Amino acid sequence: MGLRIYNTLTRQKELFEPLTPGEVRMYVCGITAYDLSHLGHARSALVFDVIRRYLEFTGTRVRFVRNFTDVDDKIIKRAEKDGVSPAEVSERYITEYQKDMERLGVLPASVEPKATAYIPQMIALIERLLARGFAYVVDGDVFFEVRRFARYGRLSGRNLDELLAGARVEVDERKRDPRDFALWKSSKPGEPSWESPWGPGRPGWHIECSAMSMEHLGSPFDIHGGGEDLIFPHHECEIAQSEAATDTPFVRYWVHNGFVQINKEKMSKSLGNFFTIREIFEKSPYGAPVTADALRYFLLATHYRSPVDFSDDALWEAKRALDRFYGLFQRLDESSGAAGPGDGLLLPLLERLDEGFRQAMDDDFSTPGAIAQFQLLRGELNRLIDAGLSRRSGERAREHFRSFGRVLGLFQSSWRAWEYESGTAGAETLTDEEIERKLAERNEARRRKDFARADEIRAELAAFGIAIEDRPDGTSRWKR
RNA sequence: GGCGGCGUAGCCAAGUGGCCAAGGCAGAGGUCUGCAAAACCUUUAUUCCCGGGUUCGAGUCCCGGCGCCGCCUCCA
């Protein structure tokens, strides 16, 4: 079959063939580091993390670059507001971002370059564009002349006339054409600046990604990703700059993720309807590992290109779904050592997961399809356990969940850790010993057929958020 | 206004022209249980926003509506 990826450039799914077989080079636009990241940033990071993991899962070597924009108007503004330097602002929020990613279980990229470390490469690129007649200098600013690049607009599906008609920005009079964009900006006093052939200044937004991607991945490279709001103008401009400078294609597959929404509206800074990753973890009633898994499950249960609507209910639903999986893992773990009728049926089921999982992921990274495969297997395994399954088979099945789940970053905890972290944080709770003592007392009462007392103890434990499940043999297990 | 996307059960959500339209959550009934919980079984869309068309056959392709969203300004 082979992996097929939806390419924004061609607006269709295409068979994915890396430039070098067995090796993929991908670049994803990271964040501008001027504030805490929100769920939308988390989705983008997660989606490309999963894409990267899946490629690696299939035996591909992945060189993965995710950048940080650490020079920008918003950073400068924030620095003024906080009374610190722009560098301090970006450093701080890069660190915060990395903390968030670690907590979410998003792996670090192979390279995480910062724009300011690539000023010489950017200057070289701009000089090349000037030499080739694609750019011009006005009072220390350098602009890219969009009209000179015939393919401008191809990625976002628009032509130059439409862009002019729809222009809502106030036009910089010094531009030859209102659609031209800045490659280099002369800096005002007090702003971060670097020496350049055109005087002290700082790079325009788009040029950094061209410089950093080509520096680390060459040109062309395989996959360039980002949120769909970057299609225009950011990625359109990247293509123009890069291809005008090198005269070779820039990127082969453009991949864009859809937005996180709140009540069907895009989550964004400007609308103010955003949740930071930080506050979701802090507000969550669960431990961080459980919240991370629930968040991942929630985000991956929708295809990456579709919008996904966030709510507390949605997160709760994801948590419930994961509870069922961890419930299965516990049952698998508790299965008796003896061989049973289920053992002979196990292997075909595991093979079916293998095939179904790959088929789903090969179809433009259909994580919802992959999750459905896990759900199917969950039901099958519960039935096998009812029929009788050996401990050895149970371990084998659990290992299957763990190895395939790793691609999505799910099912990696032990069921004990899962239950423990599911405990209502902050609330008063009981120690394991206290719970065991209560449980023993209850089971003693049950033996005496003193069900009133047994139910009373169950209610007491329930008040602490502890649920009891009785086993057929008269013992009980509990969950926080 | 231009461009793009979406509209599938109470809710979330797959679906690359052709077996009964994945899967999950919630609900209902049942098995099990002292009662529960968990697990399992059964059940929940004669139909995929509406109207045309292409086809032997369309949720899936085409045309026209209606509704929602996004981009066109910084934005994952």
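What you see is a predicted model; the values in this text were computed from it and never measured. Throughout, a chain's letter reflects where its sequence line sits, starting with A, and its residues are numbered from 1.
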Are any of the side-chain nitrogens in A:R453 or A:E456 under 4.0 Å away from the carboxylate oxygens of its partner? yes
Salt bridge flag under 4.0 Å for residues A:K74 and A:D72: yes
The Watson-Crick or G-U wobble partner of B:C40, with both key distances under 3.5 Å, is B:G30
Atom pairs, protein N/O to nucleotides 47-49 of chain B N/O, distance under 3.5 Å:
none

Minimal heavy-atom distance between A:S213 and A:Y27, with the atoms involved, is CB-CD1, 3.5 Å
Phosphate-side-chain proximity, [X] and [N], N/O vs OP1/OP2 below 4.0 Å:
{"X": "A:K266", "N": "B:C71", "answer": "yes"}
{"X": "A:N257", "N": "B:A76", "answer": "no"}
{"X": "A:S306", "N": "B:A14", "answer": "yes"}

Decide whether A:Y93 and A:D70 meet the rule of one side-chain donor and one side-chain acceptor closer than 3.5 Å.
no
Before giving the answer on side chain to side chain donor-acceptor pair (under 3.5 Å), spell out for A:S476 and A:N443 the whole-Å C-alpha distance, their side-chain angles and the decisive distance to 0.1 Å.
CA-CA 8 Å; A:S476 304; A:N443 283 331; 3.2 Å; yes
Residues passing the side-chain hydrogen bond (donor to acceptor under 3.5 Å, both in side chains) test with A:R358, sequence neighbours excluded, are A:D354
Under a 4.0 Å heavy-atom criterion, the protein footprint on nucleotides 22-32 of chain B, written with B, S and -, is BSBSS------
